[in-house]
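A quick write-up on the structure given underneath.
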2 protein chains.
Amino acid sequence: MNKKEFFLPGTPLYFAVKQSLLAALASGEWVRGQAIPPENQLAEKFGVSIGTLRKAVDELVSEHILIRHQGRGTFVATHESDQHFFKFFRIQRRDGYKTYPTTRLLKFRRRKATREACERLQLPKDASVFHFFNLLSLNNDLVMVDEIQVPEVLFATLNEQSLGERSSTLYNFYQNNFGINIVDTREKLSVCQADSAVAGWLDIAEATPLLLIDRTAYTYQDRPVEWRQTRANTAKYEYIAKD
Amino acid sequence: MNKKEFFLPGTPLYFAVKQSLLAALASGEWVRGQAIPPENQLAEKFGVSIGTLRKAVDELVSEHILIRHQGRGTFVATHESDQHFFKFFRIQRRDGYKTYPTTRLLKFRRRKATREACERLQLPKDASVFHFFNLLSLNNDLVMVDEIQVPEVLFATLNEQSLGERSSTLYNFYQNNFGINIVDTREKLSVCQADSAVAGWLDIAEATPLLLIDRTAYTYQDRPVEWRQTRANTAKYEYIAKD
DNA sequence: TTACATTTGTTCGTATGTATA
DNA sequence: TTATACATACGAACAAATGTA
């Protein structure tokens with residue numbers, strides 16, 4: 001039987017291979033930082049030519065889901081690599097200087113998801129979320145407050161202590177502790193004003209205008225796993241948009 | 001003699017082909033909306049295999065510089081296509097509704113470029129620019145003011161009347177009247193306050209906090225051709241970031 | 001409607017080069 | 001040095017979309 005018969009008509013073979021690779025990643029068959037099998041083995045496994053497999057992998061590489069190293073292999077992307085981190089961290093000083101933020105956990109609780117949170121995270125009505133606030137500093141400036149909500153069902157063992165003690169970036173922490181790989185984010189930006197809590201944390205006057213970055217973060221296959229609202233003081237910093 | 005000898009060692013052949021294609025585009029050999037020669041002819045012209053030519057074209061397609069249509073040919077991208085336009089227009093209503101803006105030219109003059117404008121547009125110190133303001137409305141809401149500066153040397157025949165009467169988008173206008181193709185933009189976002197002029201145009205109170213979008217727009221080979229500062233009222237609208 | 005030529009899309013297989021361990 | 005793995009390049013064959021006679 002022709003292999004194409006297994007798929008919808010009109011679906012290119014390389015696309016089906018790409019979906020199979022994504023499914024393997026989502027199932028945890030290959031995990032962060034590890035090499036996936038070499039191209040010739042994968043091609044044989046899927047019963048396609050090396051060129052077809054290559055086209056499928058090409059797309060995942062361009063989406064920063066896999067990383068190729070000539071002579072070594074193809075690896076599941078981690079959030080350790082600097083470039084990849086800055087893909088998701090877009091705030092830098094107005095003179096262009098980039099640094100890693102230092103983080104302080106301000107507040108942490110478990111609560112019933114609001115109606116809006118359920119929509120954003122595609123959760124049932126009675127779901128619970130963890131809801132927490134982080135204060136981020138750059139070059140000793142208090143720059144932004146992240147308000148973050150994640151579904152309890154995916155982050156069951158999350159608690160205040162481990163979150164406060166983590167040494168890595170938050171998405172790296174998700175990856176290492178919950179096996180959740182953030183591969184995409186979608187953001188909407190607008191202007192808001194500091195409420196009393198945020199103003200206190202950022203040491204600014206109440207009602208100071210702030211940049212509001214409303215982000216939903218997705219893992220493989222477009223599944224939302226985090227809703228984040230960042231309120232940033234852009235007096236000395238700015239948001240770098242892509243393309 | 002090996003063809004590779006013509007290029008820097010370590011430069012892949014497909015990359016050299018891509019640069020040749022870009023040079024042909026920059027020189028105006030192929031113009032907006034037109035089909036470039038078919039793959040087999042280009043492959044023969046450059047003395048490479050069809051697969052190598054294809055890889056070069058693939059990259060230009062992924063950068064939205066060329067557009068392929070199966071059965072018809074490969075075309076120089078225009079700003080007429082909706083999707084491409086929205087790639088550069090990122091403001092939409094909070095409910096997700098997208099529309100084209102209507103534009104009114106508020107002010108137009110020719111002046112000596114400021115020091116900052118010279119830096120942004122990579123111009124010599126004594127260069128002149130056209131400096132103009134547009135008011136943009138969406139769904140009959142006054143949403144944003146664009147402050148735009150372009151080098152006189154590239155837009156020599158630009159004048160208030162043609163700019164005010166244009167029916168197309170601004171980048172389409174650049175393309176049709178000056179042969180300038182905007183293929184990339186880089187944007188930095190922050191918060192500002194409405195000065196008296198902007199407040200008057202947008203019919204809001206002075207010092208209302210606005211989203212400031214600072215954009216440099218580039219044509220082929222990373223040459224900056226426009227500096228634009230957009231001040232947007234995000235009360236009912238928001239900025240959609242990519243990836 | 002049909003048939004045909006043109007053009008890009010997909011898939012295959014092979015050979016050789018380069019980087020790594 | 002050697003083996004492995006990805007990178008580049010070549011060429012061929014057929015499929016699918018398009019436009020035209």
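We name chains A, B, ... by the order of the sequence lines, and we start the count at 1 in each one. Just so it is clear, the values below take in all heavy atoms, side chains as well, and ignore hydrogens, waters and symmetry mates.
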For this session: Looking only at side-chain atoms of A:Ile50, point me to the closest of D:dC6, D:dA9, C:dT14.
Result: C:dT14
Seminar exercise, completed: Whole-Å distance, B:Tyr14 OH to C:dT18 C1', equals 14 Å
Problem set entry | Given C:dG13, D:dG19, C:dT8, the nucleotide with the shortest approach to the side chain of B:Arg68 | C:dT8
For this session: Starting at atom CD of B:Glu59, determine the distance to atom C1' of D:dA7, rounded to an integer number of angstrom.
Result: 13 Å
Seminar exercise, completed: Winner on side-chain proximity to A:Gln70, out of D:dG11, D:dT18, D:dA7, is D:dA7
For this session: Please report, rounded to the nearest Å, how far the C1' atom of C:dC12 is from the CG atom of A:Leu13.
Result: 11 Å
Exercise. Roughly how many Å is it from NZ in A:Lys18 to P in C:dT11, rounded to a whole number?
Worked result: 13 Å
Seminar exercise, completed: Closest of D:dA9, C:dT14, C:dT11 to the B:Pro12 side chain is D:dA9
Exercise. Can you find a heavy atom in the side chain of A:Arg120 that is under 4.5 Å from one in the side chain of A:Arg228?
Worked result: no
For this session: Can you sort out the partners of B:Phe130 under ring pair (Phe, Tyr, Trp, His ring centres under 6.0 Å), two or more places apart, ordered by chain and number?
Result: B:Phe108
Exercise. For B:Gly73, which contact category applies under a 4.0 Å heavy-atom criterion: base, sugar-phosphate, or nothing?
Worked result: sugar-phosphate
Exercise. Separation of B:Leu66 atom CG from C:dT8 atom P, in whole Å?
Worked result: 11 Å
Seminar exercise, completed: Assert: residue with more 5' nearest nucleotide on DNA chain C, out of A:Leu53 and A:Arg72, is A:Leu53
For this session: Take the protein atom NE2 of A:His69 and the nucleotide atom P of D:dA5, then report the distance between them rounded to whole Å.
Result: 15 Å
Exercise. Which residues pass the side chain to side chain contact (heavy atoms under 4.5 Å, CB included) test with A:Gln70, sequence neighbours left out?
Worked result: none
Exercise. Hey, can you pull the residues of residues 35-45 of chain A with a non-hydrogen atom under 4.0 angstrom from DNA chain D?
Worked result: A:Pro38, A:Glu39
Exercise. Can you list the residues that meet the side chain to side chain contact (heavy atoms under 4.5 Å, CB included) rule with B:Phe178, with sequence neighbours excluded?
Worked result: B:Phe155, B:Thr157, B:Leu158, B:Phe173, B:Ile180
Problem set entry | Electrostatic pair B:Lys18:B:Glu63 at N-O distance under 4.0 angstrom | yes
Exercise. B:Glu165: what forms a salt bridge (Lys or Arg N to Asp or Glu O under 4.0 Å) with it, not counting sequence neighbours?
Worked result: none
Exercise. Should A:Lys55 be listed as having a side-chain N or O under 4.0 Å from OP1 or OP2 of C:dT11?
Worked result: no
Exercise. Does a nitrogen or oxygen in the side chain of B:Arg54 sit under 4.0 Å from OP1 or OP2 of C:dT8?
Worked result: no
Exercise. Does B:Thr52 make a side-chain N or O approach to OP1 or OP2 of D:dA9 shorter than 4.0 Å?
Worked result: no
Without placing hydrogens or testing angles, list every side-chain donor-acceptor pair under 3.5 Å for residues 43-53 of chain B, not counting sequence neighbours.
from, atom 1, to, atom 2, distance (Å)
B:Ser49, OG, B:Gly51, N, 3.4
B:Ser49, OG, B:Thr52, N, 3.3
B:Ser49, OG, B:Thr52, OG1, 3.2

Exercise. Phosphate oxygens OP1/OP2 of D:dC6: is one of them under 4.0 Å from a side-chain N or O of A:Thr74?
Worked result: yes
